[in-house]
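Working notes, structure below.
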Amino acid sequence: MPDLPRPRDTHAADPGGSAVRGAAPRQVSVPAYEIATFEAIFGQSSMGLFLADADLRLFRVNERFAQVYGRPAEDYPGRTPHDFLPRVEADRLTAALRQVLDSGEPVLDMQVVGSSPVHRGRRRFSISLYRLHDADGAVIGVAGVATDVTTAQRAEREAAHTRRDLALLNEAGARIGNSLDLETTARQLLDVAVPHFCDLAAVDLYKALLSGDEDPVGTGDGSAELRRVAGASAVSGGPEELGGDEGDSAVPVGAVHRYAFGSVAARALRTGQVQSVSTSDAADDQPDMADGASGGVVRSTLVVPMVGRDTVLGVVHFSRAKGSEPFGERDVSLAAELTARAAVCIDNARLYRREHERALLLQRSLLPPGNPEAAGLDIACRYLPGNAAAEVGGDWFDVIDLPGHRTALVVGDVMGRGLRAAVAMGELRTAVRTLALLDLEPVEVLSQLDEIARGLSDPSVGRSRRGKDRDADDLAEVYLATCVYAVYDAVTRRVTIANAGHLPPVVLQPGDQALMLDVPHGLPLGVGGEPFEEVEVELPDGALLALYTDGLVESRHHALDEGLDALRAALTGAALPLEDACDHVLAELDTQHGEDDVALLMARVRGLPADAVGDWTLPPQGQSVAQARELARARLEGWGLGELVDTTELLVSELVTNALRHGKGDIRLRLLLDRTLVCEVWDSGLVQPRRRRARDTDEGGRGLQLVSLLSRSWGSRRTPHGKTVWFELTLPDGKSKAPDLAEALLSMY
């Protein structure tokens, strides 16, 4: 800026003006070196300096001040602020000059906005004013220091915006992605964005994404449906939802809608690029964000596609209301960054949900379908998976038909969670069914399961490495599981139970309170080293037996003992039909926490009546074969099963004959009638029968082959004192044809 006009006399100058307004400047004697110093400071200062007299007219400015407005410094003397500032700003500066001149109190850092012919746009100055006095103390004018702070304030605003953006991103990193639930993650994104970044926001995800389909990618042409999973508004009296397909109505959270091909949202989904739209072109270019859909309050909107791992997941709307600053380029980048962070978390939740549903599907496919039937038992069962946030567990239950109208009831729980636990559960359940069909005792079944569990994760673990021979490292590699295995005999009404580290069964007898059965606890499967024990309990008709997993009685909200007490209380008051009793127990206990899977198996005893059992002991003599046929015929005719008499007589003859030839001791014949007809032949021999194919020239060896052809199923099992060979026949229903003996005999030759 040019210097003020210099005094003509270098030895006497008046740097201010007269103490009396309008008077000529008074000459003051000033040493030459002070004048030189003053001129150097005034001329070389990087700040704009100006001097005003007592009439508030400028009489000198330096070059820096003059450069701002593009006028020579010689043009400023005699001018007032109104000659180079807008009227409002000039009035403010004039008032400040008057205040300093009258009071003597300086004005510091006064912000003044003006325009400059040199610099485009509005400039902002920081002006400080000081009153000037002569050597005698008389007031001679006002000195001003003007600093152009336009660039500094712009940089400060940029820094403030950067700090705000970083703070917002930091908050997003802390709050978004804490849940593996899609809807929760979408709400977390809006909690961060509203109101710190925008006034209204909404998240739309592809409907296929939420249903767990393999490929949730939509075409963006209006053919793919999206679901509004979250919405937020910070506008007082404004809409809670943003527009959808046509813009004539808001889309509520949870609604399914489509975007028209020409809408901005569809374009964002197609291109994967952020789309910006303002109120002026919303009605024409973005019908989904027009005033009709936004309540007339939206000023500008950013439509950001949500893309995770190159997969289009949906779209996010960020809107600012009228009266707010419109979105700029910086906001576009910030919106894209916020959405990208949320997209990664939502994609993780999508993948987790898909794996969770697969594991759940696998687990459910391994459980018995519906309520299985059992001889002498009414069965009701429930399985409740954990919520989506919790990984699938390894809970399972099973009901297995055993020969002789006996039933195996199994409930187990693989420790750990996830797909591996579900797979291990499937392997153990398959092993249980295989071992059960071998008709092993409950303790033998658990012993074999223990070996299988120890080998699931370490195939090298075998029978040679038992108990104390295994070190601590081996234990860390083995799947652990708990299991309770019970075998119920419908004829004797006795249940034999063995436990491998599982919660004890609960029994409710008629007219009594529910009690925990005192079953030896045992070690979990996979630990090994200790034998299992079993107990035998006789249950009367109407007694209720409940097997369950720990998810039913234990959670972070209450201790295990409290849950067990609640279970006993719920069962005591469950004098209802079995299905209703099962629902009653789940309703009374806290099963909605979703922390763990819940498996519940309830069985009500309904033993076979005495007239449904035929039991005879025959001597080891040849006449016993004919006697067995006569006994079988008489009993079947008494039951009204005349259609099965011939087949039963023939098969009974074969089994009794085999017992005479290959067995020892007395022969026991037993007929059982329930859902099927079962015939059992007992003897003291230990050699198990083996079916073989007889040659054409053989006179014998076709007995078991005939049994296999004519019966529904057959088999043999060991008993404490020998073996039992049995066969099962389907009861006639008036529709199915009885076994044809002639066809069976012809097929053997």
Of Leu547, Leu589, Leu552, the one forming a side-chain contact (heavy atoms from CB on, under 4.5 Å) with Leu600 is Leu552

dist Leu650:CG -> Leu706:CG (nearest 0.5 Å) comes out at 4.5 Å

**Request:** Determine yes or no for a side-chain-to-main-chain donor-acceptor pair under 3.5 angstrom, with Asp450 supplying the side chain and Leu525 the backbone.
**Result:** no

Could you list the donor-acceptor pairs under 3.5 angstrom formed between side-chain atoms of residues 616-628 and any protein atom two or more places apart in sequence or on another chain?
from   : atom 1 : to     : atom 2 : distance (Å)
Ser624 : OG     : Pro619 : O      : 2.5
Ser624 : OG     : Gln621 : O      : 3.2

| request: Evaluate the side-chain proximity of Arg406 to Leu672: yes if any heavy-atom separation is below 4.5 Å, no if none is. | output: no

Handout entry: Intermediate values then yes/no, side-chain contact (heavy atoms from CB on, under 4.5 Å), Val432 and Asp398
Key = CA-CA 9 Å; Val432 168; Asp398 208 347; 5.7 Å; no

Problem - Trace of the side-chain contact (heavy atoms from CB on, under 4.5 Å) decision for Glu649 with Val645 - result: CA-CA 6 Å; Glu649 279 189 326; Val645 169; 4.1 Å; yes

Between Ile667 and Ala659, the two heavy atoms sitting closest are CD1-CB, 3.9 Å

Just by distance, do the side chain of Arg635 and the backbone of Val613 share a donor-acceptor pair under 3.5 Å?
yes

Item to check | Leu449 side chain near Leu446 side chain, heavy-atom distance below 4.5 Å | outcome: yes

> Under a 4.0 Å N-O cut-off, is there an ion pair linking Arg633 with Glu630?
Replying inline: no

- Please examine the side chains of Leu409 and Ile379, heavy atoms only from C-beta on, and report whether any two atoms are closer than 4.5 Å. yes

Report task. Before giving the answer on side-chain contact (heavy atoms from CB on, under 4.5 Å), spell out for Leu377 and Val605 the whole-Å C-alpha distance, their side-chain angles and the decisive distance to 0.1 Å. Result -> CA-CA 5 Å; Leu377 290 175; Val605 173; 4.3 Å; yes

**Prompt:** Given side chains that start at C-beta, do those of His662 and Asp683 come closer than 4.5 Å, heavy atoms only?
**Reply:** no

ask   = Heavy-atom count around Arg718 CZ within 6.0 Å, excluding the residue itself: above 12?
value = no

When rounded to the nearest 0.5 Å, the distance separating CD1 of Ile497 from CG of Leu545 is 5.5 Å

Rounded to the nearest 0.5 angstrom, the CG-CH2 distance for Asp597 and Trp396 is 13.0 Å

Discussion item. Walk me through whether Leu673 and Leu731 qualify under side-chain contact (heavy atoms from CB on, under 4.5 Å).
Written reply: CA-CA 9 Å; Leu673 177 63; Leu731 298 181; 3.7 Å; yes

**Study point:** 4.5 Å side-chain heavy-atom contact, Trp714 and Leu651
**Key:** no

Tightest non-hydrogen contact, residues Leu677 and Trp639, listed as CD1-CZ3, 3.7 Å

Those residues at least two apart in sequence (or on a different chain) that pass salt bridge (charged side-chain N to carboxylate O under 4.0 Å, His left out) with Arg382 are Glu579, Asp583

Residues at least two apart in sequence or cross-chain that pass side-chain hydrogen bond (donor to acceptor under 3.5 Å, both in side chains) with Asp565, listed by chain then number, are Arg568

Only residue of Thr647, Val678, Leu710, Thr676 satisfying side-chain contact (heavy atoms from CB on, under 4.5 Å) with Leu729 is Thr647

Sorted by chain and number, sequence neighbours left out, salt bridge (charged side-chain N to carboxylate O under 4.0 Å, His left out) with Glu536 holds for Arg494

Heavy-atom closest pair (Glu534 atom, Ala498 atom, distance to 0.1 Å) is CB-CB, 4.2 Å

Residues passing the side-chain contact (heavy atoms from CB on, under 4.5 Å) test with Ser684, sequence neighbours excluded, are Lys664

Does the side chain of Asp489 come within less than 4.5 Å of Val487's, by heavy atoms?
no

Evaluation steps, side-chain hydrogen bond (donor to acceptor under 3.5 Å, both in side chains), between Asp395 and Thr549 = CA-CA 7 Å; Asp395 295 14; Thr549 56; 2.9 Å; yes

The reported gap from CZ in Phe727 to OG1 in Thr648 (rounded to nearest 0.5 angstrom) is 5.5 Å

Output for pair (Leu608 CG, Arg493 CZ), nearest 0.5 Å, gives 7.5 Å

Using atom types as modelled, flag every donor-acceptor pair under 3.5 Å from a side chain in residues 500-522 to any protein atom, sequence neighbours excluded.
from   : atom 1 : to     : atom 2 : distance (Å)
His502 : ND1    : Thr482 : OG1    : 2.8
His502 : NE2    : Tyr548 : O      : 2.6
His521 : NE2    : His502 : O      : 3.4

Taken to the nearest 0.5 Å, the spacing of Leu435 CG from Thr430 OG1 works out to 10.5 Å

Q. Are any side-chain N or O atoms of Ser708 and backbone N or O atoms of Leu704, one a donor and one an acceptor, separated by less than 3.5 Å?
A. no

Validation row: Arg670, Asp615 side chains within 4.5 angstrom (heavy atoms):
yes

Nearest heavy-atom approach of Gly376 to Tyr488 is O-CE2, 3.5 Å

Does any non-hydrogen side-chain atom of Ile452 lie less than 4.5 Å from one of Glu427? no

Of all heavy-atom pairs linking Met602 and Ala581, the shortest is CE-CB, 4.1 Å

What one should report as the nearest heavy-atom pair of Leu402 and Ala436 is CD2-O, 3.3 Å

